[in-house]
Amino acid sequence: MAEGLDPENIFMLLQEKLGIGVTSAFDANIKSFKMDSEMQEIVRNTLESLETKNLSNGSPGDSGEGCLEAVEEESTNIASLKIANSIKYSYHCDPEEMLDMNQIIKLGHEVKKITPEYSRMQAIRKNLPTWNHRNQILDFIAENQVVIISGLTGCGKSTQVPQYILEEALQEEEFAANIVCTQPRRISAMSVAKRVAEEMAEPLGGLVGYQIRLESNTSNQTRLLFCTIGILLRRLEGDPTLEHVSHVIIDEVHERSSESDFLLMIVRDILKVCKNLKVILMSATMNTSLFSEYFGVCPIYDIPGRLFEVEQFFLEDVIDQTSYVMEMDSHYARPRSETRHFHDLDRQLHTSSGRSDEAKPTLPDAKLSPQQLKARYSGLKTSSLKTLAAMECEKINYELIVHLIEWIVKQDRQVPVKGAILVFLPGYQEIQTLYDLIFECKEFSRNSLNFKIIPLHSSLSSEEQYSVFLKPEEGVTKIVLSTNIAETSITIDDIVYVIDTGRMKEMRFDQVKSMESLDMVWTSRTNTLQRMGRAGRVQAGKCFHLFTSYRYRYHLLEQPVPEIQRTCLEQLVLRTKVMTLFKNQDIQKVLLGLIEPPPPEAVVGAVKRLTDLGALDSNQELTPLGYHVGSLPVDVRIGKLMLFGAIFKCLDSTLTMAATLSFKSPFISPFNCKKEATDKKKEFSTSFSDHLTMLKAYEEWYKARAVSSHKASTFCKDNFLSHRTLQMLTSLKHQYVELLSNIGFIRPGIRQRDVLMLSNKASDGVKLVTGEEANVNSDNTALLSAMLVAALYPNVIEIITPLIRSYRGSRYQFKTKDHELVNIHPSSVNHKQITFPGHYLVYHEKVKTSKVYLRDCTVVSQNSLLLFAGGGITIKNSYGRILVYVDDLIRFQTADRKGAELIRDLRTALDHLLSQKISQPDLDLQTYPNGKKVIDCIVNLITDHHFEYD
């Protein structure tokens with residue numbers, strides 16, 4: 001038999017390619033659908049009692065006056081939602097009032113200029129490299145409609161350029177400036193606004209303010225607004241010409257986020273009609289020519305220099321200078337099979353023949369012989385060469401990082417005495433790992449009061465993030481553990497040392513398999529220089545890169561891959577459809593106008609997925625659902641889950657599930673205890689669902705917390721649950737409550753802090769703040785499974801039983817809508833199930849390792865699919881059978897046409913009701929005609945007839 005073709009492989013190949021041995025697929029041997037007489041009577045009575053205005057008797061998409069009225073009503077509601085957002089995200093004022101206020105602002109600023117605080121801040125500003133270029137920059141902006149201002153990190157462009165424009169305008173006889181400056185992240189918008197307000201001796205929220213998602217510090221006097229890119233995009237939805245705005249400054253354009261590239265395209269278009277609008281792009285010094293060409297070869301002004309020089313060290317230097325020695329059996333060592341020729345390293349190094357040992361510069365260090373390694377790093381000690389040769393450089397060496405921090409804080413004679421340390425790590429988990437290891441080190445555990453260790457991650461609250469800017473007490477060393485959020489978005493003034501692991505996490509999307517993954521990747525040389533620039537703000541700094549100089553020169557990319565080229569485009573497509581500027585334009589043609597357009601197939605795939613979700617209609621026009629899920633800063637499916645949870649009054653539970661989908665499972669699987677961890681997870685197993693199992697674990701954790709903190713800690717340890725992940729899920733739920741309140745789907749005016757105030761050891765506060773009425777169905781597991789269908793469709797898998805039993809005895813196989821055989825991940829509660837109560841699963845994501853796996857999935861009923869999947873139900877006759885179709889993806893057969901028509905009509909009534917609710921979020925379905933009747937009937941049908949299969 002050919003190598004690799006064992007009986008199992010042959011069997012799988014035949015099934016996948018030829019369909020041999022399969023009794024059921026999405027297009028074969030169709031399942032039967034039935035509705036008993038009692039349920040038929042309930043549905044019939046419900047439908048007969050409904051008010052029939054705007055309800056058609058056909059499926060969605062049938063022609064008819066009612067449908068046309070509904071479409072017109074939806075379009076009107078989307079228009080009103082856009083106007084509401086433009087009011088929320090922009091400053092509206094009568095022109096006469098604005099002129100009067102401008103004069104008051106001007107006089108007030110003149111008074112501020114004679115204060116001691118103003119004079120003190122001006123003296124500090126004069127030390128920045130940007131200061132000497134003030135007049136040239138202002139002339140440059142005056143002479144051109146679009147300019148690019150570039151400068152190294154730390155030159156002061158983010159804080160100074162907006163001030164120069166504002167200060168010059170305040171000197172004019174008629175002050176009329178209104179400046180909007182975007183920042184890529186919340187923390188940078190807040191911190192830059194605070195710094196600029198201090199430098200101008202103004203209260204924050206007066207002349208200078210900021211606006212981020214769910215938080216604003218502005219007034220009718222604000223004329224310099226720092227905001228996130230998303231805020232400006234929201235404003236552009238209803239104010240496409242940016243009325244009353246004189247200058248738009250887009251900072252950190254080199255980061256190339258999808259939002260940033262999209263904003264550049266919009267701004268370029270509106271410049272054609274807004275001739276008085278000035279646009280300033282600010283960037284690090286890399287790749288500015290790309291942006292210049294995009295804006296018709298606009299001019300570039302370069303600001304040279306930084307405050308203090310930064311000395312650069314690479315991995316070989318760190319090992320040599322700190323005398324780091326790694327054991328050959330260390331977790332961070334390469335496998336012995338790869339280093340066996342290094343065992344007699346001393347002799348081999350001493351017999352090196354010199355120049356003939358030099359390898360090509362592009363040859364990776366791991367491929368070098370001992371002699372070649374010595375030739376490449378000729379200045380290193382033998383012990384350092386041994387460590388470098390043995391080290392697995394693809395791993396993050398936490399041991400080395402702790403060793404290096406310890407070496408710095410012991411104040412080696414070659415290193416400056418004072419200053420904070422900034423460590424760049426890829427993500428939250430890596431930050432947590434290093435945080436724990438630092439406190440396990442004797443140097444830090446014995447002297448914990450001498451160190452202030454601060455994690456910095458985008459998922460932390462604004463208050464937690466802001467603590468990184470506070471200077472520690474005398475004698476306390478601040479150590480910041482951060483993702484790339486600290487790379488360009490913020491400036492921490494007291495950083496003197498930077499430790500760069502050379503890694504970051506990027507979202508990648510496989511268009512063919514519709515799989516998204518958060519991958520750890522090497523940074524680019526651009527990122528490396530940005531990180532190095534974080535040191536040296538208060539004195540000469542040092543940057544320690546934990547990768548070799550040869551990797552830096554020959555193996556790192558010059559620029560990072562733009563986000564728009566590697567991620568899912570669903571949110572971008574929704575934003576395109578929302579923009580009035582692109583009304584009635586083809587999505588493909590619009591996105592071709594981006595600075596570096598995504599592949600056409602990526603756009604087609606995004607449109608298809610959004611249509612399946614109901615966010616776009618068959619004409620690729622935005623639906624009210626699409627508008628709202630596009631408003632939420634989460635994955636489209638997670639947003640839909642949140643909205644449906646609010647509508648069907650199972651809010652608390654759906655928010656918990658949404659948090660696990662958005663962040664990660666609270667279950668952990670330690671390296672040496674994988675089987676024990678999986679067994680413990682299955683003890684929580686609920687309703688053949690990973691999602692409901694995670695929900696149960698979260699609720700049980702709160703029950704343990706109600707007893708004592710010790711009980712909660714023991715509960716987590718005994719059940720392989722991450723305490724920190726559970727805490728993060730609570731934090732995300734609090735954010736989601738505020739988001740839903742902000743768009744009107746639950747009681748208005750709820751803020752994150754309100755939920756936090758009501759939370760206690762026994763509750764996360766969500767049920768308490770949203771009320772009993774919003775959560776009456778939170779314990780209904782059948783309904784929660786149906787909510788997952790609504791959110792995750794078309795991510796549906798059919799459970800099939802082979803006619804031929806698998807060689808290894810597998811009872812079931814799992815097939816996608818594209819006829820791809822996939823596997824349930826071993827960590828799933830559905831892995832190796834003996835029996836399933838239904839024939840379909842829904843899932844959030846597929847991941848590919850050795851096989852394609854469904855990581856988390858839920859078994860769902862046929863009624864859930866009929867009522868919540870796809871765009872509607874169609875009934876057809878086929879060779880004497882009555883077929884009930886959900887889109888063209890799923891179909892059932894029935895002998896009872898009346899039952900099929902009843903389920904179709906109920907689905908039509910539900911779709912109409914959902915359209916009304918989503919178009920008018922504040923609509924109370926309990927008092928709205930038909931609302932309570934339809935919802936109650938569907939909950940009854942889903943709950944009492946959860947699984948009805950032949």
Side-chain angles (χ1 to χ4, degrees), residues 310-328 330-335 338-339 341-342 345 348-349 352 354-355 357-405 407-408 414-415 422-426 430 484 487 497-504 520-535 541-560:
V310 178
E311 194 173 356
Q312 195 173 25
F313 301 90
F314 290 96
L315 178 61
E316 62 268 25
D317 307 312
V318 172
I319 292 171
D320 213 39
Q321 290 195 25
T322 67
S323 300
Y324 172 70
V325 177
M326 186 184 66
E327 300 297 327
M328 293 298 290
S330 167
H331 173 68
Y332 305 106
R334 291 163 61 191
E338 295 182 13
T339 58
H341 58 290
F342 283 82
L345 195 61
Q348 294 187 62
L349 290 174
S352 174
R355 292 183 62 85
D357 294 325
E358 291 183 4
K360 292 180 179 179
T362 53
L363 190 66
D365 293 328
K367 301 290 185 181
L368 300 182
S369 68
Q371 292 88 350
Q372 290 173 324
L373 193 71
K374 181 179 180 180
R376 177 170 288 183
Y377 303 106
S378 56
L380 295 189
K381 294 177 290 192
T382 300
S383 61
S384 299
L385 282 170
K386 284 183 177 180
T387 297
L388 186 60
M391 189 180 294
E392 173 53 86
C393 293
E394 296 299 318
K395 288 183 178 179
I396 295 176
N397 191 330
Y398 297 102
E399 179 184 88
L400 175 57
I401 299 172
V402 174
H403 174 79
L404 177 55
I405 296 172
W407 180 77
I408 292 171
Q414 297 179 359
V415 181
L422 171 61
V423 185
F424 281 102
L425 293 154
E430 291 77 17
N484 60 353
E487 192 173 296
Y497 315 103
V498 167
I499 299 174
D500 173 21
T501 60
R503 301 301 189 88
M504 62 183 180
M520 190 186 300
V521 298
W522 285 100
T523 55
S524 68
R525 290 198 289 277
T526 298
N527 299 121
T528 301
L529 293 174
Q530 290 291 329
R531 293 180 176 193
M532 185 177 75
R534 296 290 89 185
K542 292 185 181 288
C543 181
F544 304 93
H545 304 292
L546 301 187
F547 46 89
T548 65
S549 55
Y550 273 75
R551 181 183 288 276
Y552 172 73
R553 293 174 197 155
Y554 299 106
H555 298 287
L556 297 186
L557 296 174
E558 178 64 32
Q559 303 284 341

Problem set entry | Stepwise side-chain contact (heavy atoms from CB on, under 4.5 Å) check, Val498 with Val310 | CA-CA 10 Å; Val498 167; Val310 178; over 6 Å; no
For this session: Could I get the full list of side-chain contact (heavy atoms from CB on, under 4.5 Å) partners for Ser549, not counting sequence neighbours?
Result: Phe314, Glu316, Tyr377, Arg553
For this session: Could you tell me whether Lys367 atom NZ has more than 12 heavy atoms of other residues or ligands within 6.0 Å of it?
Result: no
Exercise. Closest approach of Gly502 and Arg531, non-hydrogen atoms and distance?
Worked result: N-NH1, 3.8 Å
Exercise. Does the side chain of Arg503 come within less than 4.5 Å of Trp522's, by heavy atoms?
Worked result: yes
Exercise. Nearest 0.5 Å, what's the OG-CG distance between Ser383 and Asp320?
Worked result: 7.0 Å
Problem set entry | Derivation and outcome, side-chain contact (heavy atoms from CB on, under 4.5 Å), residues Thr548 and Leu388 | CA-CA 9 Å; Thr548 65; Leu388 186 60; 4.1 Å; yes
Problem set entry | Side-chain touch Asp317/Phe544, heavy atoms, less than 4.5 angstrom | no
Seminar exercise, completed: Nearest heavy-atom contact between Tyr398 and Glu430 is OH-CG, 3.1 Å
Seminar exercise, completed: Paired with Arg525, the side chain to side chain donor-acceptor pair (under 3.5 Å) test is passed by just one of Glu558, His555, Gln559, namely Glu558
Exercise. Can you tell me how far CD of Glu487 sits from CE of Met532, rounded to the nearest 0.5 angstrom?
Worked result: 12.0 Å
For this session: Applying side chain to side chain donor-acceptor pair (under 3.5 Å), name anything that partners Glu399, two or more places apart in sequence or on another chain.
Result: Tyr324
Exercise. Is the shortest side-chain N to carboxylate O distance from Glu394 to Arg334 below 4.0 Å?
Worked result: no
For this session: For the pair Thr528 (side chain) and Ser524 (backbone), establish whether a donor and an acceptor sit closer than 3.5 Å, ignoring hydrogens and angles.
Result: yes
Problem set entry | Residues Leu400, Leu315; criterion side-chain contact (heavy atoms from CB on, under 4.5 Å); working and verdict | CA-CA 10 Å; Leu400 175 57; Leu315 178 61; 3.6 Å; yes
For this session: Measure across Ser323 and His403 and return the closest heavy-atom pair with its distance rounded to 0.1 Å.
Result: C-NE2, 4.3 Å
Exercise. Could Arg551 and Asp365 be called an ion pair, given the rule that one side-chain N must be under 4.0 Å from one carboxylate O?
Worked result: no
For this session: Let me see the working for Lys542 and Ile408 under side-chain contact (heavy atoms from CB on, under 4.5 Å), right down to the final yes or no.
Result: CA-CA 10 Å; Lys542 292 185 181 288; Ile408 292 171; over 6 Å; no
For this session: Side-chain contact test, heavy atoms from C-beta onward, threshold under 4.5 Å: evaluate it for Arg376 versus Leu363 and give yes or no.
Result: yes
Exercise. If you measure from CD1 on Ile405 to OG1 on Thr322, what distance do you get to the nearest 0.5 Å?
Worked result: 12.0 Å
Problem set entry | Test item: Cys393 and Phe547 side chains (from C-beta on) under 4.5 Å apart, heavy atoms | no
For this session: Go through the structure and list residues passing side-chain contact (heavy atoms from CB on, under 4.5 Å) with His331, not counting sequence neighbours.
Result: Lys395
Problem set entry | Qualifying residue for side chain to side chain contact (heavy atoms under 4.5 Å, CB included) with Leu546, from Leu404, Ile396, Asp500 | Leu404
Exercise. Can you tell if the side chain of Met326 reaches within under 4.5 Å of the side chain of Tyr332, non-hydrogen atoms only?
Worked result: yes
Problem set entry | Any Phe424 side-chain heavy atom under 4.5 Å of Met504 side chain | no
